[in-house]
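Let me begin by presenting the structure, written as structure tokens, before commenting on it.
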Amino acid sequence: MRTIDSLDSCLRHVKTVGISGHVRPDGDCVGSCMAVYHYIRDNFPDISADVYLEEIPESLAFLKGTEKIRHSCQEERVYDLFIALDCSDRERLGEAGRYFEAAEDTVCIDHHISNAGLGRSYAIEPSAAATCEVLYELMDPEKISDAAAECLYTGLIHDTGVFQYSNTSPKTMRIGAALMEKHVPFTKIIEESFYEKTYLQNQILGRALLESILVCGRKVIVSVVRKRDMEFYGVTPKDLDGIVSQLRNTKGVEVAIFLYETAIQEYKVSMRSNGAVDVSRIAVYYNGGGHVKAAGCTMQGSIHDVVNNLTEHIEKQLCREKVQ
């Protein structure tokens, strides 16, 4: 495996490129994938590029080119190069993983601390606020079009909570400023892709907040949405984005846990920390991944077993923090 210092160097001498990110794509995932797509289309017209992602949130459909995203991986394809973005392991690529494995060469660009080095070549920077931040530094700024800049800016605001999370650094802000100079409609992007919610999204958010509970001496807040609740409100997993972050805002809470039921005795877990707990360590223990303050995994068992297992790990870290 080798590290890369520029995206241009990866794209020389290739004719076909596949691009993908993690399952249940969020703003940084979609933004980074589409930014690479536009960068190739704008600067390497002889390269044929395809983007593979699961259905993206409606709030991100404003990004140019998203209508060209492929949601099916049924065809037999062998790409000269396959680029994995914002993804720490092969399984999280979902169906597109088969193209990643079959490709002549592979590159991974990511910022997850749990990424041990996916791909033959990689650029992984855990200190970066977003994959779009890593990606910007691999691109030639002069070659970044307005369309690519919008995608990069979208990724930055989603993984930094509009530059309010502690992962935001002076470098992040400088990159954001440089992208603003590309005339990105930053107010529109922030309002429509980050803050705006549908009526149904607000309803399920209200339900999740109303039924949340405090545990571990009121240091942890937990909320669960079951399949029957999702069916009642007519929502999908995409409509649940942002709930865990809202839970984390509860005064006095160190960790927020949000779970939604995906099958009988199976739950998708999202965790957010205010700093005292490294939730990525917990997620990795259960075959998930993420960052110190934001991570997730899938767990099996009753809801009580899942919550008990998670809080046991959280309590151990809180105890160590208290001793120190």
Side-chain angles (χ1 to χ4, degrees), residues 1-26 28-56 63 65-126 128 130-140 143-144 147-148 151-152 155 287-289:
M1 297 196 314
R2 60 191 184 275
T3 58
I4 61 171
D5 56 10
S6 76
L7 186 57
D8 288 47
S9 64
C10 298
L11 296 171
R12 295 191 186 104
H13 313 303
V14 300
K15 292 297 183 183
T16 59
V17 176
I19 304 164
S20 188
H22 60 73
V23 294
R24 295 180 289 276
D26 56 12
D28 190 29
C29 176
V30 178
S32 56
C33 287
M34 295 311 302
V36 170
Y37 175 79
H38 286 298
Y39 193 82
I40 292 173
R41 290 286 299 271
D42 296 334
N43 303 294
F44 298 86
D46 292 335
I47 295 178
S48 174
D50 298 315
V51 179
Y52 296 91
L53 287 172
E54 292 182 353
E55 292 289 338
I56 68 171
L63 292 173
T66 51
E67 73 282 355
K68 298 184 182 297
I69 293 174
R70 296 169 181 254
H71 304 300
S72 172
C73 302
Q74 299 304 312
E75 298 178 43
E76 292 297 325
R77 291 178 179 271
V78 178
Y79 288 97
D80 295 336
L81 175 67
F82 200 98
I83 303 175
L85 294 139
D86 200 38
C87 188
S88 58
D89 63 70
R90 152 70 178 83
E91 293 303 315
R92 296 226 348 120
L93 284 172
E95 289 186 25
R98 63 195 293 257
Y99 294 152
F100 182 85
E101 290 184 338
E104 296 294 332
D105 198 7
T106 55
V107 169
C108 177
I109 301 171
D110 190 21
H111 72 128
H112 290 90
I113 194 171
S114 55
N115 196 323
L118 179 67
R120 297 189 184 97
S121 303
Y122 61 87
I124 301 169
E125 184 48 69
T131 294
C132 281
E133 180 176 314
V134 182
L135 190 56
Y136 176 86
E137 296 201 299
L138 295 174
M139 292 177 168
D140 182 338
K143 294 181 180 180
I144 298 175
C151 297
L152 292 170
N287 299 314

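The first residue of the sequence shown is numbered 1, and numbering continues consecutively from there.
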Looking only at atom types and distance, does a side-chain atom of [X] sit under 3.5 Å from a main-chain N or O of [Y], one as donor and one as acceptor?
X: D86; Y: D28; value: no
X: E54; Y: R24; value: yes
X: S48; Y: T16; value: no
X: R120; Y: E104; value: yes
X: H71; Y: L53; value: yes

Would you call [X] and [Y] a side-chain contact if the rule is heavy atoms closer than 4.5 Å?
X: M139; Y: L152; value: yes
X: F100; Y: Y79; value: no
X: V51; Y: K68; value: no
X: C10; Y: I83; value: no
X: L81; Y: I47; value: no

Got a sec, which residues hit side chain to side chain contact (heavy atoms under 4.5 Å, CB included) with [X], two or more places apart in sequence or on another chain?
X: K15; value: D46, D80
X: E91; value: D89
X: E101; value: R90

Heavy-atom pair of closest approach, residues [X] and [Y]:
X: S32; Y: L135; answer: O-CD2, 3.5 Å
X: S88; Y: H112; answer: CB-CB, 4.2 Å
X: C132; Y: G31; answer: SG-C, 3.8 Å
X: C29; Y: G21; answer: SG-CA, 3.6 Å
X: G119; Y: T106; answer: CA-OG1, 3.5 Å
X: C108; Y: C87; answer: SG-O, 3.5 Å

From [X] [atom1] over to [Y] [atom2], what is the distance, rounded to the nearest 0.5 angstrom?
X: I144; Y: H38; atom1: CD1; atom2: NE2; answer: 12.5 Å
X: S20; Y: D50; atom1: OG; atom2: CG; answer: 11.0 Å
X: I4; Y: S121; atom1: CD1; atom2: OG; answer: 6.5 Å
X: L85; Y: H111; atom1: CG; atom2: NE2; answer: 11.0 Å

- [ ] In sequence, state the C-alpha distance, the side-chain angles, and the governing distance for D8 and Y39, and then conclude on side chain to side chain donor-acceptor pair (under 3.5 Å).
- [x] CA-CA 9 Å; D8 288 47; Y39 193 82; 2.6 Å; yes
Task: D105 vs V14, side-chain contact (heavy atoms from CB on, under 4.5 Å): CA-CA, chis, key distance, verdict - done: CA-CA 10 Å; D105 198 7; V14 300; over 6 Å; no
Task: side-chain contact (heavy atoms from CB on, under 4.5 Å) evaluation trace for L118 with D110 - done: CA-CA 9 Å; L118 179 67; D110 190 21; over 6 Å; no
Open item on the list: List the residues meeting ring pair (Phe, Tyr, Trp, His ring centres under 6.0 Å) with Y52, not counting sequence neighbours, and say none if there are none.
Closed with: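 With sequence neighbours excluded, Y52 shows a ring pair (Phe, Tyr, Trp, His ring centres under 6.0 Å) to Y99, given in chain and number order.
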Task: Chi angles and distances behind the side-chain contact (heavy atoms from CB on, under 4.5 Å) call for E95, Q74 - done: CA-CA 9 Å; E95 289 186 25; Q74 299 304 312; 3.6 Å; yes
Open item on the list: V17 vs Y37, test: side-chain contact (heavy atoms from CB on, under 4.5 Å). Steps then yes/no.
Closed with: CA-CA 9 Å; V17 176; Y37 175 79; over 6 Å; no
TODO: Would you please name every residue forming a side chain to side chain donor-acceptor pair (under 3.5 Å) with E67, sequence neighbours left out?
DONE: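 Partners of E67 under the side chain to side chain donor-acceptor pair (under 3.5 Å) test: none.
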Task: side chain to side chain donor-acceptor pair (under 3.5 Å) partners for N287, two or more places apart - done: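 Counting only residues at least two positions away or on another chain, N287 forms no side chain to side chain donor-acceptor pair (under 3.5 Å).
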Task: R98/E76 salt bridge by N-O under 4.0 Å criterion - done: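 Yes, E76 and R98 are salt-bridged.
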